*Asks:* 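Below is the structure I would like to discuss, written out as structure tokens.
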Amino acid sequence: KLPRVNMSHKLLLSLLTVTTFYHVVEGLDNGLALTPPLGWDTWCAQGRCGRDWCSSEELTSATDALVENGMKAAGYQYVIISDCWADSRDSNGTLVADKSRFPDGIKPVCDYVHSKGLKCGIYTDLGEYTCSEGGRSHKIPGSYGHYEEDASTFASWGIDFVKADFCNTPGNDKDPHKLYKEFSDALNKTGRPILFNACEWGLDSPWKFMQAIANTWRTGPDHHDEWSSTASVIEHNANLMMYAHPGAWNDADFLMIGGQGCSDFVAGHRCPGQTDDEYQTSFSLWCIMASQIVIATDVRNMSSTQKRILLNKEMLAVHQDKLGKAGGRVGFANCSEGSQVCQIWQRNVTDGMVIAAYNSGKGVHDITFNSTHIGSHSVSMKIRDLWQHADIGSFTGSFTAKAVPSHGTNVYMLTV
């Protein structure tokens with residue numbers, strides 16, 4: 001149910017020409033993810049990104065951190081255990097946690113997460129094995145052939161969120177439509193509300209069929225802590241807004257705000273891997289896209305950059321807006337580096353519209369957006385800068401974002 005709007009909001013929406021961002025599709029009816037999920041994942045949190053390592057101590061300390069550093073209060077709900085926890089199956093075929101990492105199993109960890117008012121997530125794979133051994137000498141079992149059993153196990157542990165990867169599926173059974181539907185049905189059969197995150201890496205355009213199967217779906221390959229990866233993910237997701245709606249959202253993958261690999265001293269890892277402007281851009285555009293946002297870096301001793309970006313209440317309000325419309329790229333502005341370097345993104349929200357001026361180029365640019373870009377015609381609107389937290393004037397046909405840095409993004413709220 002959409003929120004009631006006042007007359008000024010109705011006037012604003014009536015003047016928009018770029019409003020039909022999604023079409024009506026069947027949705028997964030589990031009552032979850034009415035706004036895009038917010039959470040944290042172990043994947044890169046201890047500087048062991050790609051090695052898939054985690055432990056019960058890490059999970060409990062991260063849970064404490066989300067409470068103490070303001071992330072829980074800001075809306076981050078999910079504490080998610082990545083591909084790092086399982087070891088084998090017991091004689092009954094039930095998944096068993098790695099005792100060297102989770103000596104008491106997964107349920108006590110979830111109990112602790114719940115005791116702090118947060119929700120507990122876990123990783124599995126729809127194939128015979130997960131994607132990574134996590135530094136161990138044997139393959140880690142996936143859920144293939146055990147979908148109902150594993151779903152029941154997860155429910156008994158108090159799991160609230162399941163990410164299902166797509167590695168090592170059998171050669172004669174690789175249809176994501178079929179396998180994700182079967183696992184979705186298994187989760188629903190448990191009777192426990194479990195948010196379902198499907199991760200088949202965009203192989204079969206999941207945005208076209210996952211709405212009735214999963215709450216969120218990965219749209220492409222893994223996102224890494226380097227600008228070339230971030231720029232590629234942004235471009236891939238720029239025009240997928242019409243497929244998202246309450247209960248069903250695109251997932252552009254983890255955000256690396258603060259840097260991955262910050263404690264592993266691996267040759268070639270630069271920590272952080274991106275500039276503050278690049279981290280601000282990724283967070284800004286994930287909010288505009290209404291992507292699932294899961295932070296996969298260490299938040300137990302947050303840097304000033306992490307605090308400034310991850311706890312920006314005005315950007316998080318955009319991300320969680322109840323109108324339920326995802327945004328995307330609506331045009332380009334003229335700039336000297338090329339016709340597609342300076343970009344205009346838009347998301348319609350309950351109180352107006354949000355505009356992002358994104359500079360994908362190497363130089364500093366002024367970026368001008370106008371009525372043609374955003375469909376506002378001649379109505380005068382107030383403008384607020386959501387990163388400077390300041391009212392900065394009005395829009396009466398055009399507005400110029402001054403000196404947007406290389407790979408930077410300015411974000412504005414426009415209201416009547």
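Keep in mind that what you see is a predicted model, and the values were worked out from it rather than measured.
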*Asks:* Without hydrogens or angle criteria, can the side chains of Y123 and D165 be said to hold a donor-acceptor pair below 3.5 Å?
*Replies:* yes
*Asks:* Taking salt bridge (Lys or Arg N to Asp or Glu O under 4.0 Å) as the definition, give me every residue that meets it alongside D104, ordered by chain and number, with sequence neighbours left out.
*Replies:* none
*Asks:* Ignoring hydrogens and angles, tell me if any N or O in the side chain of W40 forms a donor-acceptor pair with the backbone of A62 under 3.5 Å.
*Replies:* no
*Asks:* Heavy atoms only: give me the nearest N69-V299 pair and the separation to one decimal.
*Replies:* ND2-O, 3.0 Å
*Asks:* Where is the tightest heavy-atom contact between F102 and C84, given as atom of each residue plus distance?
*Replies:* CE1-O, 4.4 Å
*Asks:* So for atom CG, which belongs to N334, do other residues, nucleotides or ligands contribute more than 12 heavy atoms lying within a distance under 6.0 Å?
*Replies:* no
*Asks:* Tell me whether R329 contacts the main-chain N or O of I234 through its side chain, where contact means a donor paired with an acceptor under 3.5 Å.
*Replies:* no
*Asks:* D222 vs R218, test: salt bridge (Lys or Arg N to Asp or Glu O under 4.0 Å). Steps then yes/no.
*Replies:* CA-CA 9 Å; D222 290 354; R218 270 279 293 282; 2.8 Å; yes
*Asks:* Is it true that atom NZ of K174 has more than 12 heavy atoms of other residues, nucleotides or ligands lying nearer than 6.0 Å?
*Replies:* yes
*Asks:* For A333 and I367, work out which heavy atoms get closest and say how close.
*Replies:* CB-CG2, 3.8 Å
*Asks:* Can you confirm whether the side chains of T42 and W85 place a donor and an acceptor under 3.5 Å from each other?
*Replies:* no
*Asks:* For a quick test of reading the model, state the closest non-hydrogen atom pair linking H407 to T281 and the distance between them.
*Replies:* O-OG1, 2.7 Å
*Asks:* List in chain and number order the residues that pass side-chain hydrogen bond (donor to acceptor under 3.5 Å, both in side chains) with H319, two or more places apart in sequence or in another chain; answer none if no residue qualifies.
*Replies:* none
*Asks:* Is there a donor-acceptor pair under 3.5 Å between the side chain of S291 and the backbone N or O of A252?
*Replies:* yes
*Asks:* Could you tell me which residues satisfy side-chain contact (heavy atoms from CB on, under 4.5 Å) with A74, sequence neighbours excluded, listed by chain and number?
*Replies:* Y76, L311, L316
*Asks:* Report yes if the side chains of M413 and E314 come closer than 4.5 Å at any heavy-atom pair, otherwise no.
*Replies:* no
*Asks:* Tell me if a side-chain donor or acceptor on E133 pairs with a main-chain N or O of G135 at a distance below 3.5 Å.
*Replies:* no
*Asks:* Does some side-chain heavy atom of P37 sit less than 4.5 Å from a side-chain heavy atom of N215?
*Replies:* no
*Asks:* Let's go through W227 and T275 carefully: what are the C-alpha distance in whole Å and the side-chain angles of both, what is the deciding distance for side-chain contact (heavy atoms from CB on, under 4.5 Å) to 0.1 Å, and is it a yes or a no?
*Replies:* CA-CA 9 Å; W227 176 249; T275 67; over 6 Å; no
*Asks:* Check whether more than 12 heavy atoms from other residues, nucleotides or ligands sit under 6.0 Å from atom OH of Y112, and answer yes or no.
*Replies:* yes
*Asks:* Would you say that D204 contacts H177 through its side chain, given a criterion of any heavy-atom pair below 4.5 Å between the two side chains?
*Replies:* yes
*Asks:* Find the distance between NZ (K402) and CG (D366) and round it off to the nearest 0.5 Å.
*Replies:* 4.5 Å
*Asks:* How far apart are the closest heavy atoms of Q346 and I374, and which atoms are they?
*Replies:* OE1-CA, 3.5 Å
*Asks:* With no hydrogens and no angle check, is any side-chain donor or acceptor of H245 less than 3.5 Å from a backbone partner on G324?
*Replies:* no
*Asks:* Using the side-chain hydrogen bond (donor to acceptor under 3.5 Å, both in side chains) criterion, which residues pair with T35? Sequence neighbours excluded.
*Replies:* Q320
*Asks:* Keeping the roles fixed (side chain from T297, backbone from I257), state whether a donor-acceptor pair exists under 3.5 Å.
*Replies:* yes
*Asks:* Is it true that a side-chain atom of D225 and a backbone atom of G273 form a donor plus acceptor pair closer than 3.5 Å?
*Replies:* yes
*Asks:* Indicate yes or no: at least one non-hydrogen side-chain atom of I293 is less than 4.5 angstrom from one of C287.
*Replies:* yes
*Asks:* Is the ring pair W345/Y358 parallel, tilted or perpendicular, if the boundaries are 30 and 60 degrees?
*Replies:* perpendicular
*Asks:* Is any side-chain heavy atom of Q343 less than 4.5 Å from a side-chain heavy atom of E235?
*Replies:* yes
*Asks:* Quick one: ring pair (Phe, Tyr, Trp, His ring centres under 6.0 Å) partners of F399, sequence neighbours excluded?
*Replies:* F369, Y412
*Asks:* According to side-chain hydrogen bond (donor to acceptor under 3.5 Å, both in side chains), who are the partners of Y180, at least two apart in sequence or on a separate chain?
*Replies:* none
*Asks:* Check whether the side chains of T230 and Q274 place a donor and an acceptor atom closer than 3.5 Å, and report yes or no.
*Replies:* yes
*Asks:* Below 30° counts as parallel, above 60° as perpendicular, anything between as tilted: where do the rings of F166 and W201 land?
*Replies:* perpendicular
*Asks:* For E58 and R300: C-alpha separation, side-chain torsions, deciding distance, then whether side-chain contact (heavy atoms from CB on, under 4.5 Å) applies.
*Replies:* CA-CA 10 Å; E58 179 188 4; R300 290 171 295 183; 3.9 Å; yes
*Asks:* Run H389 and N312 through side-chain contact (heavy atoms from CB on, under 4.5 Å) and show every step you take.
*Replies:* CA-CA 9 Å; H389 307 294; N312 183 331; 3.2 Å; yes
*Asks:* Once rounded to the nearest 0.5 Å, what's the spacing between atom CD of Q280 and atom OG1 of T305?
*Replies:* 10.0 Å
*Asks:* Any side-chain heavy atom of R101 sitting closer than 4.5 Å to one from D87?
*Replies:* no
*Asks:* Could you walk me through whether N250 and N237 pass side chain to side chain donor-acceptor pair (under 3.5 Å), step by step?
*Replies:* CA-CA 8 Å; N250 293 306; N237 285 271; 5.5 Å; no
*Asks:* NE2/H223 to OG/S232 distance, rounded to the nearest 0.5 angstrom?
*Replies:* 9.0 Å
*Asks:* Going by ring pair (Phe, Tyr, Trp, His ring centres under 6.0 Å), name the residues that satisfy it together with F196, two or more places apart in sequence or in a different chain.
*Replies:* F183
*Asks:* Do you know which two heavy atoms are closest between L126 and A164, and how far apart they sit?
*Replies:* CD2-CB, 3.8 Å
*Asks:* Just so I know, are the side chains of L310 and F283 near enough to count as touching, which here means a heavy-atom distance under 4.5 Å?
*Replies:* yes
*Asks:* Step by step, work out the side-chain contact (heavy atoms from CB on, under 4.5 Å) result for T219 and W207.
*Replies:* CA-CA 7 Å; T219 57; W207 48 88; 4.1 Å; yes
*Asks:* Roughly how far, to the nearest 0.5 Å, is the NZ atom of K119 from the CG atom of L38?
*Replies:* 11.5 Å
*Asks:* Can you tell me how far CG of D64 sits from NZ of K72, rounded to the nearest 0.5 angstrom?
*Replies:* 11.0 Å
*Asks:* Do T63 and V109 come within less than 4.5 Å of each other through their side chains, counting heavy atoms only?
*Replies:* no
*Asks:* Does anything in residues 146-155 form a side-chain hydrogen bond (donor to acceptor under 3.5 Å, both in side chains)? List the pairs, not counting sequence neighbours.
*Replies:* R89-D150, S143-D150, H146-E149, E148-K189
*Asks:* Suppose we screen for salt bridge (Lys or Arg N to Asp or Glu O under 4.0 Å). Which residues come up paired with K181, at least two apart in sequence or across chains?
*Replies:* D185
*Asks:* Starting at CG of L386, measure out to OG of S284 and round the result to the nearest 0.5 Å.
*Replies:* 8.5 Å
*Asks:* Output all residues satisfying salt bridge (Lys or Arg N to Asp or Glu O under 4.0 Å) with E182, sequence neighbours left out; order by chain, then residue number.
*Replies:* K178
*Asks:* Could I get the full list of disulfide bond (SG atoms under 2.5 Å apart) partners for C120, not counting sequence neighbours?
*Replies:* C110
*Asks:* Any chance the side chains of N30 and N188 put a donor and an acceptor closer than 3.5 Å?
*Replies:* no
*Asks:* For D125, what residues pass the salt bridge (Lys or Arg N to Asp or Glu O under 4.0 Å) criterion, not counting sequence neighbours?
*Replies:* none
